[in-house]
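First the structure, in the form of structure tokens, and then the observations on it.
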There are 4 protein chains.
Amino acid sequence: MSSRISVIVWNEFQHERQSPAVQAIYPDGLPQVIARALRDTPALREGAPELEVGTATLDQPEHGLSEERLANCDVLVWWGHKAHAEVSDAVVDRVQKRVLEGMGLIVLHSAHFSKIFRRMMGTNCSLKWREADEKERVWVIEPSHPIAAGLGEYFELPYEEMYGERFDIPKPESTVFVSWFEGGEVFRSGCCWERGHGRIFYFRPGHEAYPTYKDANVQRVLANAVRWAAPRVTIADRCPMSPPLEKLAPKSLDFGKVGIVQHAKDLG
Amino acid sequence: MSSRISVIVWNEFQHERQSPAVQAIYPDGLPQVIARALRDTPALREGAPELEVGTATLDQPEHGLSEERLANCDVLVWWGHKAHAEVSDAVVDRVQKRVLEGMGLIVLHSAHFSKIFRRMMGTNCSLKWREADEKERVWVIEPSHPIAAGLGEYFELPYEEMYGERFDIPKPESTVFVSWFEGGEVFRSGCCWERGHGRIFYFRPGHEAYPTYKDANVQRVLANAVRWAAPRVTIADRCPMSPPLEKLAPKSLDFGKVGIVQHAKDLG
Amino acid sequence: MSSRISVIVWNEFQHERQSPAVQAIYPDGLPQVIARALRDTPALREGAPELEVGTATLDQPEHGLSEERLANCDVLVWWGHKAHAEVSDAVVDRVQKRVLEGMGLIVLHSAHFSKIFRRMMGTNCSLKWREADEKERVWVIEPSHPIAAGLGEYFELPYEEMYGERFDIPKPESTVFVSWFEGGEVFRSGCCWERGHGRIFYFRPGHEAYPTYKDANVQRVLANAVRWAAPRVTIADRCPMSPPLEKLAPKSLDFGKVGIVQHAKDLG
Amino acid sequence: MSSRISVIVWNEFQHERQSPAVQAIYPDGLPQVIARALRDTPALREGAPELEVGTATLDQPEHGLSEERLANCDVLVWWGHKAHAEVSDAVVDRVQKRVLEGMGLIVLHSAHFSKIFRRMMGTNCSLKWREADEKERVWVIEPSHPIAAGLGEYFELPYEEMYGERFDIPKPESTVFVSWFEGGEVFRSGCCWERGHGRIFYFRPGHEAYPTYKDANVQRVLANAVRWAAPRVTIADRCPMSPPLEKLAPKSLDFGKVGIVQHAKDLG
């Protein structure tokens, strides 16, 4: 692994250009604010690799995710909301291939419904939701997880969209955060999986109508997550015919033997 | 849940019609031999629901898996090998939707590379392989799992294709079987997952060139697996806007507060 | 497995005899109210085995859990709070042995600190808590889990003790329930594990100062849990010397070979 | 976390002093050979923390594991075989407490039956076994796991004791290795768990009658495992009364409300 982690912050970049309210919060757009958060949040551990952060958006050729660029990407951060359907299947195939080879994938908020997240999970990824300017308290369930490093027992976001259970995902391998919502719901807000040789982290907060990505705790989570998801290996997929490692006994192919129950002894 | 479990055994049904060697082993074809195994293997627990077993094949309209037929299917058993690419994406979408609603899915042998299994897993599902008439010993790792009921500590298949690790799958939620191969490999041969509200079981043995599906232990596994995978619920997917369950405090939307780190106390 | 499930409801039975307030809620004592709840809650599935429910308490010889009685117990339900230390280690050993052989164990509320639960988990099982007559909303995270059968998307308890994260337990194999508390906390309220051949379920609600065990949803959870935890097998522990199943090659014990790195090919 | 990882290699140190055959292989004793392997195996990642390795043995006061020494230990490596019963429960309590606070624990070979491993697992940790100078092939199941870094697809040990399934352990959170044995068995040879804030790794090979700990791949695994298990946090256990974070509604304690089934809507 290199001593730098190469990150692409992907963003559909639509709301910020269409809605004055969103623009007021994020005048430079979500891609820039997330990229800057990653650049500006110092690693907690001395000697940790530096982040090298670029952005990519829907409108660019190949959505800014050419074969070559993805080949050099260590961790891809994905935010999308209203334009999931406009992401080309070829690019989704390409991203999936890279995750399975070892690239990290960070999926943010409304990207629960992105093609790439649903592809990686195999499920609908649906949930309950409500936009009501309400308070979210994010509880740390696994304080020893690297993604929780530097946080307290919980952190609060004064205004967020509500996402409620049941969240239709495969059982997370680690559930780092669970959120409490003012309106009465709970949500598994920070979930980890491994797929192929790559790591995936879903992080719930981040509605475009609130300045969530300016919150110091949220920025800490993002910076931790990118370092956690950095590739440990890069292994291309293959399905090889493999010669035997041991000498095989000669065989008669006497199929008459089949069907006889052979077992050591009954366990019951 | 009904007192009968409605099962469809799906099969591409190609080898048996093209290869005299396979035909010699399974003159009625794989779909029939698997269906018969399910019908003829008695449940181990008194009062267990009966199985009602039909078949479906690639050549039928909609591959024999119309909306209506799938809507009434409790457990789908899938065997494919050489014709994965001929399965229509529309049918794969339909099967995935039903699994996420609660239908069981049993994936056999070379169907590790089927569209539907790769769709549900999100991974390549690749592995090592070798056709060398070799001995496989299937060890029971979880003797209390319902799929292992009635088996001994292990069972043997005198002739099988080898599948070796690494098998590119998400971590199984239960690894019921691990195989030992004469040629020196190991394999996670019986793996369980839940996706949405449905259960999925992958079972390794079953190469068409050997009479594996006539083996009494293999038949026991299939019959157990179908009962294990029967739906517990059937829930259609939805992503509803949900009104709050608690009264929300009035809000000022004072974004100036955001960005201040709020946490209970440092844990470290 | 038998067609009846033999259940012992174990209870320290102290609060009800010492506190008039608790006695007012549960005049017959917690053991009886829990036992009655199990007896009176009908199974949801036709043909499900009947429950045969007895009780045992701390003051009885061997706490009512003699070798013989435990040998015939399918599922043990455990409620304790102030007298954990009075439970003899010999009885804890005995219960652990039976769980590992296949017996089910249901651990209720303040029994998170019982010797038997801490023994089975290997962790401290500590948590945050508060007695403040507050509202708990129990969300169903896994609606297809048998323990959630018959429940809605959530249920509420108007008065309960608060338990908050972090709950110091091994990662649950299924997290069936997550609670929302009026005071701002969340908690993994329904957790499943397998240990040895037995199943364990921890269920959070049940403070003695509130009539929680009279709640219809709570009773449904208890009845479901007992059926879920019923033994699938009963296997005594052993650690046998096992003769080889394959002929071993003759060996020279040439230790000079050791230390040479042997590997197929580099994966990186 | 410090930039050095402080490791204690604990060993009962009995066989080497009693058996000339073992002494011939490990003239300096197992504790020294394992400690030296850790010291001499370079980290694979630049900038990785150094290991500072000491030893401790059964015969020392408090088995060499005083409160003070353990308080400064980051990772404890444990090998025992014939003297498990001689390890004092007080020391086991102390080690468990430290693991739950965040210390790493590496459990080797016959220490599957050590008090500390059984304590952390909650299970019997039994298995099948055979001493027959036989070949073991250790397959890497999770090539992206840090413990597998630098290994090939598998490695071989020409002479080892056989351990066979079923291994009575809680489901591993990662199964890094599965072994193939010449005599026909399989075994989950490299298993990871988290307990409290600490990490635990069990590694199967290491019978005292063979020079296993001189093998370069085995040494690589040990060095990787120690780095993987190093503490991420150190958090003392507590079970605090916590004041509410939200204002609680006034309550009437009207227990008449209880028992009414309240649920959003039926899911079925």
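Chain letters run A, B, ... following the sequence lines, proteins first, then strands; residues in each count from 1. Note that this is a predicted model, so its numbers are computed, not measured.
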Distance (rounded to the nearest 0.5 Å) between A/Arg119 CZ and B/Arg119 CZ: 7.5 Å

Distance in Å, B/Gln96 CD paired with A/Thr123 OG1, rounded so as to fall on 0.5 Å steps: 8.0 Å

Top contributor to chain A interface from B/Pro170, B/Gly164, B/Ser126, B/Pro240 [non-hydrogen pairs under 4.5 Å]: B/Pro240

Contacting moiety of A/Ala148, where chain B heavy atoms sit under 4.5 Å: neither

Passing candidate, salt bridge (Lys or Arg N to Asp or Glu O under 4.0 Å) with B/Lys251, options A/Glu131, A/Glu134, A/Glu182: A/Glu182

Residue, of A/Glu194, A/Lys171, A/Arg137, that accumulates the most heavy atom pairs under 4.5 Å with chain B: A/Lys171

Check: A/Tyr159 and B/Ser252 side chains under 4.5 Å, non-hydrogen atoms: yes

Interchain contact, A/Met121 with chain B, by part (heavy-atom threshold 4.5 Å): backbone

Proximal component of B/Asp168, with respect to chain A [non-hydrogen, under 4.5 Å]: side chain

Toward chain B, the part of A/Gln219 with a non-hydrogen atom under 4.5 Å: neither

B/Arg130 side chain reached by A/Pro243 side chain, heavy atoms, under 4.5 Å: no

Residue, of B/Ser144, B/Gly196, B/Cys125, that accumulates the most heavy atom pairs under 4.5 Å with chain A: B/Gly196

Which atoms of A/Ile25 approach chain B - backbone, side chain, both or neither, heavy atom under 4.5 Å: side chain

Residue A/Ala149 versus chain B: region with a heavy atom under 4.5 Å: neither

Side chain, backbone, both or neither of A/Lys97 within contact of chain B (heavy atoms, under 4.5 Å): neither

Contacting moiety of A/Phe181, where chain B heavy atoms sit under 4.5 Å: neither

Contact origin within A/Asn124 toward chain B - heavy atom pairs under 4.5 Å: both

Atom group of A/Arg118 that falls short of 4.5 Å from chain B, counting heavy atoms: neither

Leading residue by heavy atom contact count with chain A [cutoff under 4.5 Å; candidates B/Gly122, B/Gly184, B/Ala132, B/Pro244]: B/Pro244

Spatial distance of atom NZ (A/Lys128) from atom CZ (B/Arg238) [nearest 0.5 Å]: 6.5 Å

